[in-house]
Amino acid sequence: MTELTVRSVQQSDRAGWEALYRGYAEFYRVAQTQAMRDRVWGWLHDDANEVRGLVAEGAGGALVGLAHYRAFARPLSASVGCFLDDLFVAPEARGSGAADALLARLRGIAASEGWSVIRWITAENNYRARAAYDRVAVRTGWVTYDMAPAQG
């Protein structure tokens, strides 16, 4: 395992974070504009916004991974959970332990916040990530749906 530091994203991380986030969008074949990245970057640094970010920094100081997460209410269990929206490790850093380190840090945050679960989704064909997730989490039986808002 490479020497890694996982920490909250900082203003000075913009270029490294942006390269990673662009790579994440490309991995999932999601068209993303500079305006979209600017918006997410703004969310990460706005205390009034729910989205938070972590980065994994390699030994040389380069950012090699990111995670975006937020708390969410769980009415049925009367608890609060954590939703991991995005997790990405640069291709050249895969196998370095960065994903495990990011997940471990998030697990610690969840414990300190009193959250009841950390939940995320991934693509069915994201086999490498799923192998890592299977080591640290339980795959659920839930099926995910997306519905567009009403028009007009």
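These figures come from a predicted structure and were not determined experimentally. Note: hydrogens, waters and symmetry copies are ignored here, and every other heavy atom, side chains too, is used.
A93 approaches S96 most closely through the heavy-atom pair O-OG, 2.6 Å. Nearest approach of V55 to S8, heavy atoms of both residues: CG2-O, 4.3 Å. Pairing each heavy atom of A101 with each of L4, the nearest pair is CB-CD1, 4.3 Å. Closest approach of R52 to D47, counting heavy atoms only: NH2-O, 3.1 Å.
Under a hydrophobic-cluster definition in which Ile, Leu, Val, Met, Phe, Trp and Tyr are linked whenever side-chain heavy atoms come within less than 4.5 Å, directly or via other members, I109 and Y133 are assigned to the same cluster. When hydrophobic clusters are built by joining Ile, Leu, Val, Met, Phe, Trp and Tyr residues whose side-chain heavy atoms come closer than 4.5 Å, directly or via intermediates, L102 is not grouped with V51. The hydrophobic cluster containing W142 does not contain W115, counting ILVMFWY residues as joined when their side-chain heavy atoms lie under 4.5 angstrom apart, directly or transitively. Taking hydrophobic clusters as Ile, Leu, Val, Met, Phe, Trp and Tyr residues chained together by side-chain heavy-atom distances below 4.5 Å, L87 shares a cluster with I118. By the rule that hydrophobic residues join a cluster once side-chain heavy atoms approach within less than 4.5 Å of another member, V136 and Y127 end up as members of separate clusters.
Between Y28 and Y24, the ring-plane angle classifies as perpendicular under the 30° and 60° cut-offs.
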Result block: side-chain N/O donor-acceptor pairs under 3.5 angstrom for residues 56-75, not counting sequence neighbours:
from: E57; atom 1: OE1; to: R7; atom 2: NE; distance (Å): 3.4
from: H68; atom 1: ND1; to: D86; atom 2: OD2; distance (Å): 2.7
from: H68; atom 1: NE2; to: W17; atom 2: NE1; distance (Å): 2.9
from: R70; atom 1: NE; to: D85; atom 2: OD1; distance (Å): 3.3
from: R70; atom 1: NE; to: D85; atom 2: OD2; distance (Å): 2.7
from: R70; atom 1: NH2; to: D85; atom 2: OD1; distance (Å): 2.9
from: R74; atom 1: NH1; to: S116; atom 2: OG; distance (Å): 2.8

Under 3.5 Å donor-acceptor pairs involving side-chain atoms of residues 144-152, not counting sequence neighbours:
none

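Sorted by first then second residue, the salt bridge (charged side-chain N to carboxylate O under 4.0 Å, His left out) pairs that include residues 120-132, not counting sequence neighbours, are E124-R130, E124-R139.
Put simply, the side chain of D13 gets close to the backbone of Q10: a donor and an acceptor are under 3.5 Å apart.
Counting heavy atoms from C-beta outward, W120 and L103 have side chains that approach closer than 4.5 Å.
Taking the charged nitrogens against the carboxylate oxygens, R22 and E26 have no contact shorter than 4.0 Å, which rules out a salt bridge.
Counting heavy atoms of neighbouring residues, nucleotides and ligands inside a 6.0 Å radius, atom CZ of R107 does not exceed 12 of them.
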**Request:** Check step by step if ring pair (Phe, Tyr, Trp, His ring centres under 6.0 Å) holds for W41 and Y21.
**Result:** CA-CA 10 Å; W41 183 253; Y21 203 49; 9.9 Å; no
